[in-house]
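Structure first, commentary second.
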Amino acid sequence: MARQMSSAKPRIRPRTLIVTAIAWLLAALFLLPYGEMVITALRPADELRDPGYLPHHFAWSNFVNVWRDSTLGDNLKVTLLVAASSTLLALLVALPAAYYTARVRYRGRKYFLLLVLVTQMFQPTSLLVGLYREFFQFGMLNSVWTLVLCNAAFNLAFAIWILTAYIGSIPVELEEAAMIDGLGRFGALRRVVLPLAMPGVVTAVIFTFISAWNEFVMGLTLSTVPSSQPLTVGINSFIGDYTVQWNYLFAGSVIAILPVVVLFAFIERQVVSGLTAGSVK
């Protein structure tokens with residue numbers, strides 16, 4: 001009798017079924033535009049106005065043509081370099097600033113954090129004229145490193161803010177114990193604080209990388225040479241004055257989102273491992 005009771009499957013509650021169904025419905029609604037984007041990217045040019053949802057035959061050559069007949073390959077390289085470099089630069093500056101702000105109670109600390117938060121409210125478009133004139137005088141227009149500096153600067157405030165909150169939540173006694181065991185300040189930061197603050201680091205990486213990846217206005221203004229423009233500007237070239245190459249536009253959009261999807265798939269594991277890393281024995 002006990003064996004029969006143990007082998008019986010637990011009953012699923014109706015509430016669980018309803019919540020699961022709603023979750024799948026919402027997921028489908030969110031994924032539906034991406035499905036439409038992929039389907040349009042595979043449509044032949046003569047079927048773009050076809051009322052049917054699926055094309056009669058899939059034109060895989062759209063991806064080949066959009067890569068061969070445009071500067072999309074160069075644009076993708078520029079975007080990868082800009083997003084990765086600006087993320088690295090922002091973290092290199094934000095980590096020491098956040099660590100010092102979280103650990104040292106200096107005069108004006110609250111005003112500094114308030115200033116950091118206020119700078120996050122400025123839109124890049126409001127500073128475009130000044131940025132253009134400044135980089136023009138230094139001869140840095142149409143340079144990848146100009147976009148790196150701008151993206152790192154505009155995302156630095158959020159990185160400092162989020163890292164300060166994470167580092168401030170870590171007990172200082174853990175650092176003191178590590179320094180008693182022989183580690184210096186830098187060693188305690190590297191071996192104790194950073195592993196425990198990894199969720200905050202990952203959050204800053206995701207925010208900075210995605211923001212730099214999707215940036216459009218600065219890339220359009222500060223880079224006028226097609227081969228030195230980011231991917232968002234390169235995709236915009238398929239929108240003409242009188243016609244829009246929808247199949248190429250969506251094919252380029254599919255290419256643009258693939259690296260971001262790969263990043264999220266990789267970062268998800270780092271978030272979980274960062275929650276348990278750095279614990280004391």
Side-chain angles (χ1 to χ4, degrees), residues 24-88 141-148 150-151 205-269:
W24 279 106
L25 179 60
L26 291 176
L29 290 176
F30 279 110
L31 293 176
L32 186 60
Y34 296 97
E36 178 67 25
M37 178 178 65
V38 175
I39 291 173
T40 306
L42 294 174
R43 284 185 181 274
D46 56 352
E47 295 186 23
L48 290 176
R49 298 183 181 273
D50 195 334
Y53 187 75
L54 294 176
H56 297 292
H57 67 278
F58 294 98
W60 297 96
S61 59
N62 287 341
F63 292 96
V64 178
N65 295 335
V66 77
W67 191 268
R68 181 190 58 194
D69 300 336
S70 66
T71 61
L72 205 64
D74 295 330
N75 301 142
L76 180 60
K77 294 178 183 178
V78 171
T79 301
L80 283 172
L81 180 59
V82 169
S85 301
S86 59
T87 301
L88 179 61
L141 294 178
N142 300 317
S143 174
V144 174
W145 303 112
T146 299
L147 300 179
V148 170
C150 290
N151 282 283
V205 167
I206 291 176
F207 181 87
T208 305
F209 188 90
I210 298 301
S211 178
W213 188 273
N214 294 329
E215 203 284 320
F216 174 77
V217 177
M218 287 190 297
L220 180 64
T221 306
L222 301 178
S223 296
T224 57
V225 179
S227 59
S228 65
Q229 292 175 333
L231 192 59
T232 51
V233 182
I235 293 175
N236 191 61
S237 63
F238 296 112
I239 303 176
D241 294 333
Y242 303 102
T243 60
V244 179
Q245 297 173 295
W246 292 107
N247 49 350
Y248 291 161
L249 178 65
F250 283 104
S253 300
V254 172
I255 296 174
I257 67 173
L258 285 179
V260 180
V261 173
V262 173
L263 174 67
F264 270 105
F266 177 76
I267 289 295
E268 182 182 3
R269 299 180 181 179

Exercise: identify the closest heavy-atom pair between Ser211 and Asn151 | O-OD1, 4.3 Å
Just wondering, do Phe238 and Ser70 contact through their side chains at under 4.5 Å, heavy atoms?
-> yes
Could you check Thr40, Ile235, Val38 and say which one makes a side chain to side chain contact (heavy atoms under 4.5 Å, CB included) with Ser253?
-> Ile235
Grab the two heavy atoms, one from Ile39 and one from Pro55, that are nearest each other, plus how far apart they are.
-> CG2-CD, 3.8 Å
Gap between atom CZ of Phe209 and atom OG1 of Thr79 - 0.5 Å precision | 9.0 Å
Val205: partners by side-chain contact (heavy atoms from CB on, under 4.5 Å), with sequence neighbours left out = Thr87, Leu91, Val201
Gly219 and Leu147 have their tightest heavy-atom pair at CA-CD2, 3.9 Å
Mind checking whether Leu231 and Trp213 have side chains closer than 4.5 Å, heavy atoms only?
-> yes
Heavy-atom neighbours of Tyr34 OH exceed 12 at 6.0 Å | no
Tell me, do Leu42 and Phe250 make a side-chain contact under 4.5 Å, heavy atoms counted?
-> no
Within the distance-only criterion (no hydrogens, no angle test), does the side chain of Ser86 pair as donor or acceptor with the backbone N or O of Ala83 below 3.5 angstrom?
-> yes
Are Leu80 and Leu76 side-chain neighbours, meaning at least one heavy-atom pair lies under 4.5 Å?
-> yes
Can you see which heavy atom on Asn62 is nearest to which on Tyr248, and at what distance?
-> OD1-CE2, 3.7 Å
Flag, side chain of Gln245 to backbone of Asn247, donor-acceptor distance under 3.5 Å = no
Contacts satisfying side-chain hydrogen bond (donor to acceptor under 3.5 Å, both in side chains) that involve residues 224-234 (not counting sequence neighbours) are Asn142-Thr224
Note: Ala41 and Val254 closest approach over all heavy atoms is CB-CG2, 4.3 Å
Side-chain contact, heavy-atom cut-off 4.5 Å: Val233 with Asn75?
-> no
To the nearest 0.5 Å, tell me how far Phe63 CZ sits from Asn65 CG.
-> 11.0 Å
